Amino acid sequence: MEKQARIYVAGHRGMVGSALVRKLQAEGYSQIITRTSSELDLRNQAAVADFFADERPDYVFLAAAKVGGILANNTYRAEFLYDNLMIESNIIHSAYKTGVKKLLFLGSSCIYPKLAPQPLKEEYLLSGYLEPTNEPYAIAKITGIKLCEAYRSQYGCNFISAMPTNLYGPNDNYDLNGSHVLPALIRKFHEAKVNNLPTVEVWGTGSPRREFLHADDLADACFFLMENYDDELFVNIGTGEDVTIREVAELIKEIVGFEGELRWNTDKPDGTPRKLMDVSRLHSFGWKHATELKDGLEKTYQDFLTNEVMYVE
Ligand code: GFB
């Protein structure tokens, strides 16, 4: 991407979009186009078409999405399907209509079948049934991949897709009903420490395994793919290493300095037993993550302490 290129980052207020903006600014890009959701409702086809016709971005990072943890996915099933389908369809179609040079669509590791062999290779897409708690979100994200492939094959658009593993970092969602496990546990352990509580509730059995990637590493990988990757097949982005929820809960407990007990609530769902990405293709292109989980969590706890008022308001 030329330094003067007009780059639209959809979803710039979110954890991924804000990491992309930081990365692009650090690389010296000055024409970064953004819109808040109140300025532009990405579910509105006509509004998105007008925005693209007016702004004419050269490149698009599609990081806007309705996202959340296991409970939010399972509760707001209609919104997770409808909002994400509309956002993707509107942006991808308008990018085609206005001649965007390249677009990167961001999906999720939940696109893979619940019981797919591990680690998850890109070719396992659509080889089995999905995890029920996030099926609507996964179907929307699979549709995004298929839109990019279809616009590439029918119209020759250079639209690529990246599938990140579970993410964490600055500007994450700390609302306990909507969040993913890491921000939830950072907040719960912190509040329990401050209030001298004896226990912290953790969901499920603790046995599911998850892989976690820092949002700054994801932004770095997306930038790398935008610069170096032009093929149809989507690319997994992760660390290639996973831990059990019990292990990561113990790690966060230690980082925060909470001295009480964990209480496992098995009325809450475990979700997929394991979703470890096979990142050998990404590694073969020359990209590898830089932030190890413990360091990333320490940094994230510091960020939480700095921005607690904003995050838990
Ligand atoms: O991060 P999480 O909500 O998402 O949950 P998924 C991961 C695991 O952590 C589950 C457990 O086994 C949860 O039961 N867990 C333990 C908790 N304590 C907590 C807690 O306090 N809050 C939360 N949220 N979890 C989502 C998908 O699945 O991951 C999305 O629903 C998306 O579609 C996203 O793919 C990356 O990894 O299970």
Side-chain angles (χ1 to χ4, degrees), residues 14-16 63 65-77 79-81 83-85 106-116 118 120 125 130-145 162-169 172-192 199-215 218 236-239 242-253 256 258 261-277 293 297 300 304 312:
M15 179 171 66
V16 173
K66 170 92 183 161
V67 297
I70 193 164
L71 185 66
N73 265 267
N74 202 19
T75 309
Y76 305 108
R77 297 176 72 87
E79 277 174 62
F80 273 77
L81 185 54
D83 288 6
N84 286 311
L85 286 175
L106 278 150
S108 161
S109 58
C110 71
I111 57 157
Y112 288 109
K114 177 182 173 110
L115 300 176
Q118 308 281 325
L120 299 158
L125 181 70
L130 297 164
E131 153 63 27
T133 55
N134 61 30
E135 190 187 74
Y137 180 71
I139 297 259
K141 289 296 182 183
I142 293 169
T143 304
I145 296 172
M163 295 306 118
T165 190
N166 289 39
L167 303 168
Y168 67 101
D172 207 341
N173 174 7
Y174 284 88
D175 164 35
L176 295 180
N177 289 318
S179 66
H180 289 99
V181 60
L182 299 189
L185 294 187
I186 288 173
R187 177 172 176 183
K188 286 186 194 176
F189 284 126
H190 175 73
E191 291 180 351
T199 59
V200 161
E201 183 189 290
V202 191
W203 296 354
T205 60
S207 61
R209 301 186 71 87
R210 292 289 183 274
E211 176 187 9
F212 298 103
L213 180 74
H214 194 276
L218 174 70
N236 286 343
I237 305 181
T239 62
D242 64 0
V243 290
T244 65
I245 295 299
R246 186 177 296 275
E247 286 164 346
V248 81
E250 293 291 346
L251 181 57
I252 296 174
K253 177 183 164 184
V256 171
F258 170 68
E261 302 292 320
L262 307 189
R263 193 162 41 82
W264 294 92
N265 180 354
T266 50
D267 292 338
K268 289 283 199 291
D270 267 345
T272 305
R274 193 177 189 198
K275 43 179 172 177
L276 176 65
M277 293 289 212
L293 183 59
L297 286 173
T300 304
F304 172 80
V312 303

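Computed from a predicted structure; not experimentally measured. Read the numbers this way: they start at 1 and go in the same order the structure lists the ligands and their atoms.
- Heavy atoms of other residues, nucleotides or ligands lying less than 6.0 angstrom from CD of E247 number more than 12.
- Close approach of ligand 1 to V202 (heavy-atom distance below 4.0 Å) involves ligand atoms 16 (C), 18 (N).
- Contact analysis leaves E131 out of contact with ligand 1, as no non-hydrogen atom separation drops below 4.0 angstrom.
- A heavy-atom distance below 4.5 Å is not found between the side chains of K141 and I139.
- Contact between S109 and ligand 1 is absent, with no heavy atom of the residue lying under 4.0 Å from the ligand.
- Within the 4.5 Å cutoff, the side chain of L185 has no heavy atoms near those of the F258 side chain.
- Under the 4.0 angstrom criterion for non-hydrogen atoms, K268 is not in contact with ligand 1.
- Considering backbone and side-chain atoms alike, P269 places an N or O below 3.5 Å from some N or O of ligand 1.
- For atom 24 (N) of ligand 1, the nearest protein heavy atom (residue, atom name, distance) is S179 O, 2.9 Å.
- Residues L293 and V243 meet the side-chain proximity criterion, which asks for heavy atoms closer than 4.5 Å.
- Backbone and side-chain nitrogen or oxygen atoms of S108 are examined, and one is located within less than 3.5 angstrom of a nitrogen or oxygen of ligand 1.
- When only non-hydrogen protein atoms are considered, atom 27 (C) of ligand 1 lies nearest to N134 ND2, 3.2 Å.
- The shortest N/O to N/O separation between K275 and ligand 1 falls below 3.5 Å.
- Contact between G107 and M163 at its shortest, heavy atoms only, is CA-SD, 3.4 Å.
- Ligand 1 places these atoms under 4.0 Å from at least one heavy atom of A184: 20 (C), 21 (O), 22 (N).
- In summary, the atoms of ligand 1 found under 4.0 Å from a heavy atom of C110, numbered by their order in the structure, are 33 (O), 35 (O).
- Residue V181 has at least one N or O atom closer than 3.5 Å to an N or O atom of ligand 1.
- Looking from atom 31 (O) of ligand 1 to the surrounding protein, the closest heavy atom is N73 ND2, 3.1 Å.
- Distances from ligand 1 to the non-hydrogen atoms of T133 include no value under 4.0 Å.
- Under the 4.5 Å side-chain criterion, counting only non-hydrogen atoms from C-beta, P164 is in contact with L106.
- The shortest distance between side-chain heavy atoms of R210 and V248 does not fall below 4.5 Å.
- Between K275 and the choices D242, T165, N166, the side chain to side chain contact (heavy atoms under 4.5 Å, CB included) rule is met once, by N166.
- Of all the listed residues (W203, F80, W264), W203 holds the heavy atom that lies closest to atom 19 (C) of ligand 1.
- Scanning all heavy atoms of the two residues, the minimum distance from F80 to A140 falls at O-CB, 4.1 Å.
- Distance check, rounded to the nearest 0.5 Å: CG of L81 to OH of Y137 gives 12.5 Å.
- Looking only at protein heavy atoms, the nearest one to atom 33 (O) of ligand 1 is Y137 CD2, 3.1 Å.
- Contact annotation: the side chain of R209 never approaches that of L276 to less than 4.5 Å [non-hydrogen atoms, C-beta and beyond].
- Atom 21 (O) of ligand 1 has as its closest protein heavy atom K188 NZ, 2.7 Å.
- Ranking the protein heavy atoms by distance from atom 34 (C) of ligand 1 puts H180 NE2, 3.2 Å first.
- The distance criterion of under 3.5 Å between nitrogen or oxygen atoms is met by I70 with respect to ligand 1.
- Regarding atom 6 (P) of ligand 1, its nearest protein heavy-atom neighbour is R210 NE, 3.7 Å.
- Here the side chain of E135 pairs no donor or acceptor atom with the backbone of L130 at under 3.5 angstrom.
- Residue, atom and distance of the protein heavy atom nearest to atom 12 (O) of ligand 1 are D270 O, 2.6 Å.
- Although no hydrogens or angles enter the test, the distance criterion places a donor-acceptor pair under 3.5 Å between the side chain of N84 and the main chain of K66.
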